[in-house]
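See below for the structure under consideration.
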Amino acid sequence: MTLTVPLTVPGDSVATNSFTYADSVGTTPVTSYARFTVPEKDPNGKNLIPYTGKYLATVADKDADGKPVQKALPDSIQALMPAADNGVNYWVSNVAQPALKSPTSETVLYPASAQQAGGFTTIDAAPIADAVKALGYAANADAKGAYNRQVGVNAPTLVNADGSAHQASADNTAPWVGLRQVISGNDVTIPVGTGFDPVANPDMALKVFDQNGALVDLFDKSLVTFSPETINTTTPGTHQMTVGYTPDGVTRTFTITVAPKDVITVKPEPPHLRDGRWVVIPEMEGVEYQVDGETVTGEIHLTTLGELVEVTAVAKPGYQLDPTTGPTWGFTWGLPATPEKPTQSGNTVTIPDTTGVDYQVDGKTVTGELTLTKDITVTAVPKSDYYFTEDPPSWDFTFQASDKVVTATAPTQKDNVVTIPTVTGVDYLVDGKVVTGTLTIPDGTTIVVTARAQDGYVITEGATTRWTFTYNKDVPPVCDTQYFTDVTPNMQFFNDIC
């Protein structure tokens with residue numbers, strides 16, 4: 001076999017071949033491979049490289065089956081794409097990934113063969129980004145500002161704007177470039193004399209996306225700019241507002257048309273509550289009702305006790321709301337209740353009597369006064385059909401271990417007189433009032449005496465603290481205890497002596 005140097009490829013149709021050669025002295029033969037194969041072709045059968053047409057602008061999308069595709073953008077974007085220029089804004093190498101601004105670029109691009117990987121292209125993203133940055137798009141390139149491609153590796157599916165297959169090759173050789181939308185929105189028309197806020201206007205639907213596709217806070221002036229910041233809506237006319245995203249240097253200009261006012265004023269009917277748990281939405285011309293920005297109709301079921309649902313009336317196009325009518329109504333299922341804090345005096349905790357509120361200790365409802373023998377937590381919970389406007393509160397009460405333990409001595413009765421004992425650390429009460437000394441019981445009545453520990457004291461746990469006394473004049477008291485062994489119950493004056 002005769003070889004000439006440099007080697008000459010006989011023609012495009014020659015397939016890859018291996019051949020053996022020996023050095024000039026005839027030593028050990030060495031096997032080597034050369035790429036004799038057909039270059040990549042465009043849809044018209046011409047060598048793809050050098051390519052001189054416009055780049056194909058695409059965005060990442062998904063087809064009807066949810067599979068990722070690169071969808072071609074509308075003609076208005078395609079018209080702005082720069083023309084490809086081999087060695088100027090893209091570079092080709094069939095050996096390794098060429099660098100941006102590479103001093104050399106091959107004039108043919110080969111596919112992969114059994115012995116050799118496919119060729120490489122590197123596209124400069126800068127001229128592409130410059131072409132679309134005023135339309136709200138940025139180049140979706142790598143950190144160095146390049147699109148790096150290899151024939152047949154991670155090749156996308158290219159589709160037209162309508163979803164049909166694109167005629168360009170899908171093996172990563174077609175001159176496509178990926179863009180990402182940074183600013184989206186619509187031109188809008190507003191009636192003269194009405195306010196205009198580009199952030200809040202629902203028809204403008206303004207959105208700004210960061211490099212990761214996340215929504216950007218439109219109120220962050222360090223990221224999002226508006227020029228001009230306000231629009232004169234006092235007279236009819238057409239205005240331009242440019243929205244910018246500073247990190248990407250991307251802008252988009254929107255047209256705001258202030259149209260002469262020819263609208264109908266409507267007075268919205270207020271929604272009303274049915275059966276305590278259903279909000280009935282009216283039906284009327286020119287008005288729609290919304291909850292959290294979403295249109296609602298029919299009836300709204302209130303499912304969460306205490307939850308506030310606000311219904312807002314919004315004028316439809318060609319209508320405006322009567323300014324004397326409040327456009328928002330609030331509805332809540334249940335009655336509000338406000339828990340009061342229990343109070344502590346010494347080791348006595350007093351539970352309030354609050355409408356709509358139960359107080360619980362260890363899951364059990366408690367009322368009145370609690371005598372502490374240990375630390376407790378009192379929690380307020382709403383009664384049925386009541387709700388709290390804040391989280392249910394709880395309070396901790398500490399047992400005062402330094403208190404002295406005392407035992408309440410029982411009062412005594414003789415005829416219609418009850419004698420209240422004097423015990424250090426103990427108060428005796430009748431009808432909630434402290435009593436001392438002797439009490440006279442009217443004929444035919446009953447009194448109840450209770451004992452309560454004073455500050456710094458605690459009554460022995462389990463001890464009796466409540467006594468009942470009754471006096472009936474015509475019924476002599478009966479003594480049921482024999483205090484003297486020589487005075488028996490059958491004696492004449494047993495009760496008197498007792």
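Throughout, numbering of the chain's residues begins at 1 and tracks the sequence.
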For P68 against T157, the heavy-atom pair lying closest together
O-CB, 4.5 Å
Less than 3.5 Å apart, any donor N or O on the side chain of Q240 or T255 sitting next to an acceptor on the other?
yes
Under 3.5 Å: donor-acceptor pair, side chain of T257, backbone of A259:
no
Within the 4.5 Å heavy-atom criterion, are L109 and N94 side-chain neighbours or not?
yes
Rounded to the nearest 0.5 Å, the NE2 atom of H272 sits from the CD1 atom of I281 at a distance of 9.5 Å
Partners meeting side-chain hydrogen bond (donor to acceptor under 3.5 Å, both in side chains) with Q211 (sequence neighbours left out)
D248
Are V279 and V309 side-chain neighbours, meaning at least one heavy-atom pair lies under 4.5 Å?
no
K144, NZ: over 12 other non-hydrogen atoms inside 6.0 angstrom
no
Nearest heavy-atom pair of P271 and F331: which atoms, and what distance?
O-CZ, 3.5 Å
Return the OH to CG distance between Y387 and L335, rounded to the nearest 0.5 Å.
7.5 Å
Give a yes-or-no answer on whether the side chains of S105 and N86 include a donor-acceptor pair shorter than 3.5 Å.
yes
Apply salt bridge (charged side-chain N to carboxylate O under 4.0 Å, His left out) to D322 and list each qualifying residue two or more places apart in sequence or on a separate chain.
none
Show the numbers, then the answer: is there a side chain to side chain contact (heavy atoms under 4.5 Å, CB included) between V357 and V381?
CA-CA 6 Å; V357 181; V381 295; over 6 Å; no
Check the surroundings of atom CG in D162: do more than 12 heavy atoms from other residues, nucleotides or ligands lie under 6.0 Å from it?
yes
With sequence neighbours left out, write down each residue that passes side chain to side chain contact (heavy atoms under 4.5 Å, CB included) with S227, or none if nothing qualifies.
none
What heavy-atom pair brings L302 and T332 nearest, and what distance separates the two atoms?
CD1-C, 4.0 Å
Contact summary for A141 and A146, nearest pair of heavy atoms
CB-O, 3.4 Å
Please tabulate, for side-chain N and O atoms in residues 53-62, each donor-acceptor pair with protein atoms closer than 3.5 Å (sequence neighbours left out).
from	atom 1	to	atom 2	distance (Å)
K54	NZ	M81	O	2.9
Y55	OH	N89	OD1	3.0
T58	OG1	Q70	NE2	2.7
T58	OG1	V177	O	3.0
D61	OD2	K71	NZ	3.1

Looking just at side-chain N and O atoms, do E310 and T328 make a donor-acceptor pair shorter than 3.5 Å?
no
Would you name the heavy atoms of P156 and W176 that are closest together and state the gap between them?
CG-CZ2, 3.3 Å
So do the side chains of I49 and V108 get within less than 4.5 Å of each other, counting heavy atoms only?
no
Once side chain to side chain contact (heavy atoms under 4.5 Å, CB included) is applied, do any residues pair with D220, and if so which ones, sequence neighbours excluded?
D217, S222, L223
Say you draw a straight line from CG of N148 to OG1 of T121; how long is it, rounded to the nearest 0.5 Å?
8.0 Å
Step by step, would you call V314 with T295 a side chain to side chain contact (heavy atoms under 4.5 Å, CB included)?
CA-CA 9 Å; V314 179; T295 300; over 6 Å; no
Using a 3.5 Å distance criterion without hydrogens, assess whether the side chain of D142 forms a donor-acceptor pair with backbone atoms of G145.
yes
Testing F397, F399, W395 one by one against I376 for a side-chain contact (heavy atoms from CB on, under 4.5 Å), which residue passes?
F397
Quick one: do V224 and T246 satisfy side chain to side chain contact (heavy atoms under 4.5 Å, CB included)? Show the steps, please.
CA-CA 6 Å; V224 183; T246 304; over 6 Å; no
Which residue pairs satisfy the ring-ring contact (aromatic ring centres under 6.0 Å, His included) criterion with at least one member in residues 56-95, sequence neighbours excluded?
none
Between D85 and V88, is there a donor-acceptor pair closer than 3.5 Å when you use the side chain of the first and the backbone of the second?
no
Only counting residues at least two apart or in another chain, list the ones meeting side chain to side chain contact (heavy atoms under 4.5 Å, CB included) with T355.
Y386
Taking D187 for its side chain and F254 for its backbone only, find out whether a donor-acceptor pair lies under 3.5 Å.
no
Taking the side chain as every heavy atom from C-beta outward, state whether R252 and Y137 have any pair of such atoms under 4.5 Å apart.
no
Output a table of donor-acceptor pairs, distance under 3.5 Å, between side-chain atoms of residues 345-354 and any protein atom two or more places apart or on a different chain; print 'none' if there are none.
from	atom 1	to	atom 2	distance (Å)
S345	OG	D455	OD1	2.8
N347	OD1	Q400	N	2.7
N347	ND2	Q400	O	3.3
N347	ND2	D403	OD2	2.2
T354	OG1	Y359	OH	3.2

Of all residues at least two apart in sequence or in a different chain, which pass the side-chain hydrogen bond (donor to acceptor under 3.5 Å, both in side chains) check with T304?
E307
Between the side chains of T233 and T194, is a donor N or O closer than 3.5 angstrom to an acceptor N or O?
no
If I compare all heavy atoms of M284 with all of E269, which pair ends up nearest, and what's the gap?
SD-N, 3.3 Å
All N/O donor-acceptor pairs, side-chain side in residues 196-210, below 3.5 Å, sequence neighbours left out:
from	atom 1	to	atom 2	distance (Å)
D197	OD1	V199	N	3.0
N201	OD1	D203	N	3.0
N201	OD1	M204	N	2.9
D210	OD1	N212	N	2.9
D210	OD1	G213	N	3.0
D210	OD1	A214	N	2.8

Minimum side-chain heavy-atom gap V250-I183 below 4.5 Å:
yes
If you count the non-hydrogen atoms of other residues, nucleotides and ligands that lie under 6.0 Å from CG in D391, is the total more than 12?
no
Gap between atom CD of Q181 and atom CG of N140 - 0.5 Å precision
12.5 Å
Could you tell me if the side chain of W278 sits less than 4.5 Å from the side chain of H301, heavy atoms only?
yes
Donor-acceptor contact below 3.5 Å, side chain H239 vs main chain V258:
no
Any T338 side-chain heavy atom under 4.5 Å of E340 side chain:
no
Do F388 and P336 come close enough that some side-chain heavy atom pair is under 4.5 Å?
no
Distance, nearest 0.5 Å, that separates CG of L218 from OG1 of T225
11.5 Å
CE on M241 to CZ on F226, rounded to 0.5 Å
7.0 Å
Listed once per pair and sorted, the salt bridge (Lys or Arg N to Asp or Glu O under 4.0 Å) pairs that draw on residues 91-103, sequence neighbours left out:
K101-D124
Return yes if some donor-acceptor pair links the side-chain N/O of Q97 with the main-chain N/O of Q150 below 3.5 Å, else return no.
no
Residues which pass side chain to side chain contact (heavy atoms under 4.5 Å, CB included) with D396, listed by chain and number, not counting sequence neighbours
T377
